Amino acid sequence: MRLLLLYSSLHLVHLASSLDIMLKEKLHIFGILGCVLCVVGSTTIVLHAPQEREIESVAEVWDLATEPAFLFYATIVLAATFVLIFRYIPQYGQTHIMVYIGVCSLVGSLSVMSVKALGIALKLTFSGINQLIYPQTWLFAIIVVACILTQMNYLNKALDTFNTAVVSPIYYTMFTSLTILASVIMFKDWDRQNPTQIVTEMCGFVTILSGTFLLHKTKDMVDGLPPTLPIRIPKHGDENGYASEGIPLRSAAEGLPLRSPRAAE
């Protein structure tokens, strides 16, 4: 878990610093502040996270995954994912950034648990204790593949539709938060912590949420443009650069917002 948070934090900083150079997307001062808050919150959680418990077989991970608490969490995650995919994405996928990111984050929390179980199985196998003979190992492998394919699909859709400078921090925060929650439920991390550590981790979590809220509320602020005009990449547009659904777009030549005639009516 600590390695996951550290990697995510470094990836977020690298993305924010490279957007202006590689993708020509300006990250305004509030976006930078939001990224900093996310990194500070993650660092706080990492420094006070409990040591991971020792697991000696993939069957032990399976026992943890089939306990009632985690089964309830997995059921809620799968139900929410299906509702988002079949109910909300067709209607709001092109206008609400949280729909695509919600699917990626929910599925991602399950994929991390499965990856950890698969990693333990491979580690034990390479050390001489064969775990490939257990069906649980292959079941975890199937779950990993299914979750990663789902994440890649909907994350690519989010990146194709919305500003990368906004998608990555929000996805990072939701994914990390849900992964921490899944880990707490499955591995019972808080059972080995004192109240001070728990409160500190909660403060770090609130800091992450604050950074995400700041990024989301100021996502439409671009130099020289008011924050009320959302900047997004359309799925379809006509030859003049107008979106068919009347959503403001960016002019590739001028960098100015355009509105479709339908929106003006």
Side-chain angles (χ1 to χ4, degrees), residues 1 4-5 8 38 41-42 45 55 58-121 135-162 166-191 198 201-202 205-206 208-209 212-213 215-216 219 235:
M1 186 62 63
L4 169 67
L5 289 172
S8 301
C38 291
S42 298
I45 295 177
I55 297 179
V58 70
E60 185 178 348
V61 183
W62 180 260
D63 292 338
L64 294 173
T66 53
E67 289 187 356
F70 188 77
L71 286 178
F72 178 76
Y73 172 79
T75 302
I76 295 297
V77 166
L78 292 176
T81 300
F82 283 116
V83 169
L84 287 173
I85 291 175
F86 296 107
R87 175 68 182 274
Y88 290 101
I89 283 181
Q91 298 181 12
Y92 306 108
Q94 299 299 308
T95 56
H96 291 71
I97 190 173
M98 300 302 292
V99 179
Y100 284 137
I101 295 180
V103 174
C104 297
S105 303
L106 289 168
V107 175
S109 66
L110 297 181
S111 69
V112 171
M113 300 299 103
S114 300
V115 166
K116 183 171 183 177
L118 187 60
I120 292 172
Q136 293 93 330
T137 301
W138 300 104
L139 181 58
F140 280 127
I142 293 173
I143 295 174
V144 168
V145 173
C147 290
I148 289 178
L149 290 177
T150 303
Q151 285 180 267
M152 292 177 60
N153 179 38
Y154 289 101
L155 182 58
N156 285 332
K157 290 183 178 181
L159 293 173
D160 288 340
T161 306
F162 301 99
V166 179
V167 171
S168 186
I170 295 178
Y171 170 62
Y172 150 78
T173 303
M174 287 190 64
F175 170 69
T176 302
S177 301
L178 289 173
T179 300
I180 292 173
L181 177 61
S183 180
V184 168
I185 295 174
M186 183 171 176
F187 296 101
K188 300 178 177 61
D189 292 332
W190 282 359
D191 291 348
I198 295 176
E201 289 184 20
M202 293 303 297
F205 181 73
V206 172
I208 293 175
L209 292 182
T212 306
F213 178 80
L215 285 167
H216 184 66
K219 67 180 183 298
K235 295 291 286 186

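Since we're looking at a predicted model, the values are computed, not measured.
Put simply, the side chain of L110 reaches to within 4.5 Å of the side chain of L78, judged on heavy atoms. In this structure the side chain of Q151 reaches within 4.5 angstrom of the side chain of Y171, judged on heavy atoms. Under the 4.5 Å side-chain criterion, counting only non-hydrogen atoms from C-beta, M113 is in contact with T179. Taking 4.5 Å as the limit, every side-chain heavy atom of Y100 sits out of range of all side-chain heavy atoms of V167. Here the side chains of V61 and F140 are in contact, with some heavy-atom distance below 4.5 Å. Residues F72 and I185 are not in side-chain contact: their nearest non-hydrogen atoms beyond the backbone lie 4.5 Å or more apart. Contact check for L84 versus Y154: no side-chain heavy atoms found under the 4.5 Å cut-off.
Residue L118 holds its CG atom at 9.0 Å from CH2 of W138, rounded to the nearest 0.5 Å. Put simply, CG on N153 and CG on L149 are 8.5 Å apart, with the number rounded to the nearest 0.5 Å. For the atom pair OG (S105) and CG (L178), the distance works out to 6.0 Å, reported to the nearest 0.5 Å. With rounding to the nearest 0.5 Å, the separation of CG in L106 from CD1 in I85 is 9.5 Å. Taking CD1 of I148 as the start and OG of S114 as the end, the distance is 9.5 Å to the nearest 0.5 Å. How far CG of L181 is from CE of M186: 13.0 Å, rounded to the nearest 0.5 Å.
Checking side-chain atoms of T161 against main-chain N and O of A158 turns up no donor-acceptor pair under 3.5 Å. In this structure a side-chain-to-backbone donor-acceptor pair under 3.5 Å is missing from S183 to I180. When atom types are taken as modelled, the side chain of N156 and the backbone of M152 share a donor-acceptor pair closer than 3.5 angstrom.
Residue pairs meeting the salt bridge (charged side-chain N to carboxylate O under 4.0 Å, His left out) criterion with at least one member in residues 64-90, sequence neighbours excluded, are E67-K188. Within the structure, every pair that satisfies the side chain to side chain donor-acceptor pair (under 3.5 Å) test and touches residues 72-84, not counting sequence neighbours, is listed here: Y73-S109.
T66 and D63 make their closest contact through OG1-O, 3.2 Å (heavy atoms, listed as atom of the first residue, atom of the second, distance).
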In sequence, state the C-alpha distance, the side-chain angles, and the governing distance for Y88 and H96, and then conclude on side chain to side chain contact (heavy atoms under 4.5 Å, CB included). CA-CA 9 Å; Y88 290 101; H96 291 71; over 6 Å; no
